[in-house]
There are 2 protein chains.
Amino acid sequence: MSRTTHNPELTRRALLDSAAGHIHRLGFQAASLDAILTESGVSKGALYHHFATKQELGLAVVDEVYGQPFLAELAAQLRRSADPLTDLALVLRSKREGATLCSVQHGCPLNNLAQELAGQDEAFRQRINAIMQAWRNLLQDALDRAAQAGLLRSGVDTAREALFLVASLEGATGLAKTTRDPAVYTHCLEVLEEHLLGLRVRAS
Amino acid sequence: MSRTTHNPELTRRALLDSAAGHIHRLGFQAASLDAILTESGVSKGALYHHFATKQELGLAVVDEVYGQPFLAELAAQLRRSADPLTDLALVLRSKREGATLCSVQHGCPLNNLAQELAGQDEAFRQRINAIMQAWRNLLQDALDRAAQAGLLRSGVDTAREALFLVASLEGATGLAKTTRDPAVYTHCLEVLEEHLLGLRVRAS
DNA sequence: CTCAAAACATACCGGTTGGTCGGTTTATAG
DNA sequence: CTATAAACCGACCAACCGGTATGTTTTGAG
């Protein structure tokens with residue numbers, strides 16, 4: 001499998017994609033560079049031409065493979081509409097229905113890395129934290145728009161609710177991974193959806 | 001630091017305690033046996049006299065250091081009382097107030113291991129899952145007692161709520177670890193407490 | 001006291017890891 | 001064409017890992 005494309009962008013992509021898969025399945029520390037190189041058909045020399053260390057490769061995976069695509073998709077789903085609260089509920093529903101066996105088995109890649117490395121590697125922690133911060137901000141923006149449209153009960157703290165949403169979502173994926181049971185994920189998201197819709201002004 | 005106590009229970013304890021600390025800080029795979037042995041002052045021969053493999057040591061840590069004490073304490077906090085819902089809220093409050101800097105930085109040891117190993121090591125997954133199952137059962141029992149006492153709104157699914165509680169708690173510790181911010185943990189638990197008390201029958 | 005088994009000590013091993021280094025190939029500017 | 005730097009190659013390395021083999025000390029039953 002000689003690939004020697006001399007196309008640096010392609011080589012970089014192959015490395016990122018292969019590394020993303022290994023890291024998702026095994027975690028960062030257990031992911032072997034040799035295994036990544038074998039799978040992607042890239043040589044060790046090429047790897048260290050593109051990335052100075054394993055850590056740099058991992059950080060690039062976090063940003064470019066895990067973070068940005070995820071945030072872009074979420075932002076698209078929450079494009080300003082007349083009813084942001086329903087948009088949020090739909091996001092939960094799509095997550096629920098899109099739960100693959102693989103995603104249940106291996107969990108959320110960002111959450112995995114956060115749990116593995118947040119206590120040990122400050123660079124990783126900061127990158128992951130920045131992505132989760134952006135995530136929270138997207139959710140809070142939607143909640144704020146709902147509040148401004150008069151859709152929320154009074155006294156709802158949108159920042160805390162956004163925080164709680166992220167935490168509970170990560171917790172749900174984690175618990176589903178532990179139980180290996182997609183229904184666990186589904187049930188958690190259902191309760192979360194009910195909680196979310198409970199923020200709506202009471203019809204009376 | 002020659003310890004050679006020839007007291008097998010003491011040696012075993014020293015190993016479990018030291019291993020628990022290293023695993024909590026670094027994760028199971030990154031925890032080095034040599035480091036554990038140096039810290040505890042136990043020799044490699046003694047280690048492999050008590051445990052056949054590193055995995056067996058880890059499983060014993062999960063059961064005896066992480067799992068059983070935690071479940072015993074929770075069971076004590078939820079001893080059958082007249083108002084189980086308030087008991088649950090008090091558990092959340094004590095967790096909130098007992099959040100140490102270390103626990104925020106390194107997270108819940110069970111959750112850490114679950115995220116690290118659930119996808120790779122079936123033995124670990126089953127042990128951790130059993131503990132979390134017991135955890136859920138304790139919570140659901142309390143909710144069921146509350147329901148039987150007529151304290152809950154109709155239509156509350158106690159099993160799902162118990163599941164949601166565990167997931168959200170783990171998610172909150174995970175997010176606090178990522179942000180390195182105890183306030184994040186506090187805020188999540190506050191919202192969770194409100195959610196819990198929202199299950200109570202409406203006064204009217 | 002005897003002696004077998006439990007408890008422990010330590011030198012050692014093969015395998016894997018992230019990372020290095022000298023050399024080669026290819027693209028491209030001049 | 002030539003020259004230069006980017007892109008890539010792959011053998012090699014020291015460090016570390018979990019685990020083993022062999023031998024020694026202690027305990028406690030008979």
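Throughout, a chain's letter reflects where its sequence line sits, starting with A, and its residues are numbered from 1.
Taking only side-chain nitrogens and oxygens, A/His49 comes nearer than 4.0 Å to OP1 or OP2 of D/dA7. For D/dC8, one of the phosphate oxygens OP1 or OP2 lies less than 4.0 angstrom from a side-chain nitrogen or oxygen of A/His50. The phosphate of D/dA7 has neither OP1 nor OP2 within less than 4.0 Å of any side-chain N or O from A/Thr11.
The distance between atom CD of A/Glu9 and atom P of D/dA6, rounded to the nearest whole Å, is 15 Å. Whole-Å rounding puts the B/Leu37 CG to C/dA11 C1' distance at 15 Å. Whole-Å rounding puts the A/Leu10 CG to C/dA27 C1' distance at 16 Å. Straight-line distance from the CG atom of A/Leu15 to the P atom of D/dA7: 13 Å, rounded to whole Å. Atom CD in A/Glu56 sits about 15 Å away from atom P in C/dG18, given to the nearest Å.
Side-chain polar atoms of B/His195 and B/Glu161 form a donor-acceptor pair below 3.5 angstrom. B/Gln126 and B/Glu122 are linked by a side-chain donor-acceptor pair at a separation below 3.5 angstrom, with hydrogens and angles left out of the test.
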Can you give me every donor-acceptor pair (side chain of residues 102-113 of chain B, partner residue at least two apart or in another chain, under 3.5 Å) with its distance?
unit_1, atom_1, unit_2, atom_2, d
B/Ser103, OG, B/Thr100, N, 3.2
B/Ser103, OG, B/Thr100, O, 3.0
B/Ser103, OG, B/Thr100, OG1, 3.3
B/Asn111, OD1, B/Gln115, NE2, 3.3
B/Asn112, OD1, B/Lys177, NZ, 3.0
B/Asn112, ND2, B/His106, O, 2.6

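A salt bridge between B/Asp141 and B/Arg80 is absent, with no side-chain N of the basic residue lying under 4.0 Å from a carboxylate O of the acidic one.
Using cut-offs of 30° and 60° for the angle between ring planes, the B/Phe70 and B/Trp135 rings count as perpendicular.
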Original post:
Tell me, for nucleotides 13-30 of chain D in 5' to 3' order, what letter each nucleotide earns: B for a base near a protein heavy atom under 4.0 Å, S for only sugar-phosphate near one, - for neither?
Top reply: ----SBBB----BS----

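For A/Arg160, the salt bridge (Lys or Arg N to Asp or Glu O under 4.0 Å) partners are A/Asp157, B/Glu190, not counting sequence neighbours.
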